[in-house]
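Working notes, structure below.
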There are 2 protein chains.
Amino acid sequence: MTSHDHLAELHEQAADRLHGDGQRYTPQRRLLVGLLAELDQPVTIPQLLEHQPDLAQSSAYRNLAVLERAGVVHRIVTTDEFARYELTEDLTQHHHHHLICESCGDVSDFTVPHQVEADLEAAVAKVARRTGFTVTDHRFDLVGTCARCSA
Amino acid sequence: MTSHDHLAELHEQAADRLHGDGQRYTPQRRLLVGLLAELDQPVTIPQLLEHQPDLAQSSAYRNLAVLERAGVVHRIVTTDEFARYELTEDLTQHHHHHLICESCGDVSDFTVPHQVEADLEAAVAKVARRTGFTVTDHRFDLVGTCARCSA
DNA sequence: ATTTATGCAAATCGTTTGCAAACCT
DNA sequence: AGGTTTGCAAACGATTTGCATAAAT
């Protein structure tokens with residue numbers, strides 16, 4: 001499967017989810033999805049606008065909110081003042097976690113061994129049972145200093 | 001050891017850390033530390049002001065920032081618009097994680113079995129080695145709906 | 001034609017900051 | 001006195017919203 005096919009499939013899935021939510025897959029929404037796929041790491045809205053200066057800021061906020069409600073993008077809040085957006089895990093095919101750099105604010109992805117992930121899941125299930133909390137998502141993020149900033 | 005002793009020790013440790021950072025342990029800072037100890041869960045500044053309406057909002061923000069720099073409190077950002085504050089783990093003696101309710105915004109603590117925590121630590125160390133990232137903190141939080149909200 | 005999306009500018013709201021009075025030491 | 005902390009009100013800045021225009025169906 002070529003990268004082009006991947007992209008085509010991604011857009012198709014995005015369109016499906018938006019339509020399922022009664023929304024259109026407009027050119028600008030398609031553009032945002034394409035950008036997020038290309039950048040392949042959680043990005044802020046200012047970063048998106050840098051790549052695409054002709055996007056209106058308010059429309060970017062609005063469309064990312066629409067995409068989030070439809071389950072196409074995921075919004076993450078770290079430690080700084082900007083929210084970051086990335087494609088949802090089930091569109092990118094891999095469950096991952098985040099390395100959050102407190103110095104430059106950058107966020108990158110990492111994965112843990114399958115066994116560790118399975119243990120985490122088991123612990124989550126137990127906590128849920130014990131507390132009556134309904135878990136929809138878990139986050140296992142590392143906070144610190146990235147290689148570039150500590151150099 | 002009585003709860004009174006606990007509190008006295010807490011204040012002593014807080015004072016030490018502030019002094020080590022060249023700061024004073026003023027009555028208002030002591031009040032904030034006492035409140036956080038009493039509430040025993042991450043709270044927003046509006047919540048703190050509810051409990052202590054005579055606190056000036058700006059001073060609360062400023063003093064919590066001072067306490068954070070001195071390592072007495074920890075600031076956490078969840079999914080809503082408010083930052084939350086709690087005493088740092090080494091002052092409360094137990095490593096814990098957070099249950100974040102997307103419905104009411106409430107944050108409560110939970111712990112996982114020691115073995116799971118150890119596996120996590122090992123995975124963290126491996127990722128750090130592989131990526132050159134210096135890890136100062138990890139967060140393992142569950143996002144979902146609390147028992148009260150799903151009732 | 002009617003509904004939905006877009007872009008601009010203005011509003012919102014948690015948080016930060018300037019400044020003068022109160023408080024240490 | 002000299003430096004710090006406090007409280008008020010004003011400023012800040014990321015995000016949201018009102019409204020008029022432009023697409024889309």
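Order of the sequence lines sets the chain letters (A, B, ...), proteins ahead of strands, with each chain counted from 1. The shown structure was predicted, so the numbers you read here are calculated from the model rather than taken from an experiment.
Looking at heavy-atom distances under 4.0 Å, A:Ala65 makes no contact with the nucleic acid at all.
Distance, A:Asp80 CG to C:dT15 P: 14 Å, rounded to whole Å. Atom CD in B:Glu81 sits about 10 Å away from atom P in C:dC13, given to the nearest Å. As rounded to whole Å, 17 Å separates atom P of C:dA9 from atom OH of A:Tyr61.
Within the structure, side chain to side chain donor-acceptor pair (under 3.5 Å) pairs that include any residue of residues 48-58 of chain B do not occur (at least two apart or interchain). Screening residues 88-104 of chain B for salt bridge (charged side-chain N to carboxylate O under 4.0 Å, His left out) gives B:Arg17-B:Asp90 as the qualifying pairs, with residues at least two apart or on separate chains.
Qualifying side-chain contact (heavy atoms from CB on, under 4.5 Å) partners for A:Arg75, counting only residues two or more places apart in sequence or in other chains: A:Glu68, A:Val77, A:Ala83, A:Tyr85. For B:Gln47, the side-chain contact (heavy atoms from CB on, under 4.5 Å) partners two or more places apart in sequence, or in a different chain, are B:Val43, B:Thr44, B:Asp106.
Within a heavy-atom distance below 4.0 Å of DNA chain D, the residues of residues 19-52 of chain A found are A:Arg24.
Annotation for A:Gly105 and A:Asp80: closest pair CA-OD2, 4.0 Å, computed over non-hydrogen atoms. Of all heavy-atom pairs between B:Ala70 and B:Leu18, the closest is CB-CD2, 3.6 Å.
The phosphate of C:dA5 has neither OP1 nor OP2 within less than 4.0 Å of any side-chain N or O from A:Asn63. Taking 4.0 angstrom as the limit, A:Ser59 places a side-chain polar atom (N or O) nearer than this to OP1 or OP2 of C:dG7.
Under the 6.0 Å cut-off for aromatic ring centres, A:His97 and A:His138 qualify, their centroids lying closer than that.
Heavy-atom contacts of chain B under 4.0 Å fall on DNA chain D between two terminal nucleotides, which in 5' to 3' order are D:dT4 to D:dA9.
A 4.5 Å side-chain heavy-atom check between A:Cys146 and A:Cys104 finds at least one atom pair inside the cut-off.
Nearest-nucleotide positions on DNA chain C for A:Arg62 and A:Gln57 put A:Arg62 closer to the 5' end.
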